[in-house]
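The structure under discussion appears below in the form of structure tokens.
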Amino acid sequence: MESKKRVHVWIMGRVQGVFFRMETQRAAMAQGVTGWVRNLPDGRVEAVFEGEALDVNAMVDWCWKGSPKSLVQEVKK
């Protein structure tokens, strides 16, 4: 049995105006992870992922890749 996990992340780089939030939502749904994602006024994206530990870890890894037009420079937990 896997353990549940919740993680709060901030993603920096070119992550606004490049469909990052929409692609994050799609990836989370495909991974079976719940939570939320939003743009911040300073240009970062903030997200919370909840679910099985392996799935949540996969979403954090996905954040480093991001949407096709994004350029992620940092992901902080």
Side-chain angles (χ1 to χ4, degrees):
M1 177 188 287
E2 289 192 39
S3 62
K4 298 287 183 176
K5 184 174 185 176
R6 179 181 192 269
V7 80
H8 194 161
V9 296
W10 292 265
I11 303 102
M12 278 92 24
R14 188 176 68 217
V15 293
Q16 290 190 15
V18 292
F19 301 99
F20 193 94
R21 285 180 302 139
M22 182 181 70
E23 293 296 328
T24 302
Q25 290 171 333
R26 285 183 185 171
M29 287 177 60
Q31 197 68 42
V33 171
T34 60
W36 52 265
V37 59
R38 68 179 176 179
N39 286 341
L40 295 174
D42 63 4
R44 297 178 299 161
V45 168
E46 178 182 24
V48 170
F49 304 118
E50 297 179 329
E52 299 297 332
L54 288 176
D55 298 328
V56 170
N57 291 341
M59 280 307 303
V60 173
D61 290 343
W62 181 92
C63 286
W64 280 99
K65 175 188 169 203
S67 64
K69 293 184 179 184
S70 66
L71 180 56
V72 176
Q73 295 174 337
E74 188 173 4
V75 178
K76 284 189 176 180
K77 293 193 243 180

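Note that the coordinates shown come from a computational prediction; the quantities given were computed from them, not determined experimentally.
Follow the hydrophobic side-chain contacts under 4.5 Å out from Met12 and you never reach Met59; the two are in separate clusters. Put simply, Val72 and Val56 are part of the same group of oily side chains (I, L, V, M, F, W, Y) that touch within less than 4.5 Å, one to the next. Note: the hydrophobic cluster containing Trp10 does not contain Val60 (ILVMFWY, side chain heavy atoms under 4.5 Å, direct or indirect links). Under the 4.5 Å side-chain contact rule for hydrophobic residues, Val48 and Val45 do not share a cluster.
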Could you list the donor-acceptor pairs under 3.5 angstrom formed by side chains in residues 21-42, with sequence neighbours left out?
| residue | atom | partner | partner atom | Å |
| --- | --- | --- | --- | --- |
| Arg21 | NE | Asn39 | OD1 | 3.4 |
| Glu23 | OE2 | Arg26 | NH1 | 3.4 |
| Thr24 | OG1 | Phe20 | O | 2.6 |
| Gln31 | NE2 | Asp55 | OD1 | 3.1 |
| Thr34 | OG1 | Glu50 | O | 3.4 |
| Arg38 | NE | Glu46 | OE1 | 2.6 |
| Arg38 | NH2 | Glu46 | OE1 | 2.6 |
| Asp42 | OD1 | Arg44 | N | 3.1 |
| Asp42 | OD1 | Arg44 | NE | 3.2 |
| Asp42 | OD2 | Arg44 | NE | 2.8 |
| Asp42 | OD2 | Arg44 | NH2 | 3.1 |

In residues 62-69, what donor-acceptor pairs under 3.5 Å come from side-chain atoms, sequence neighbours left out?
| residue | atom | partner | partner atom | Å |
| --- | --- | --- | --- | --- |
| Ser67 | OG | Val18 | O | 2.7 |

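In this structure, Lys5 does not pair ionically with Glu52, as no charged nitrogen and carboxylate oxygen lie closer than 4.0 Å.
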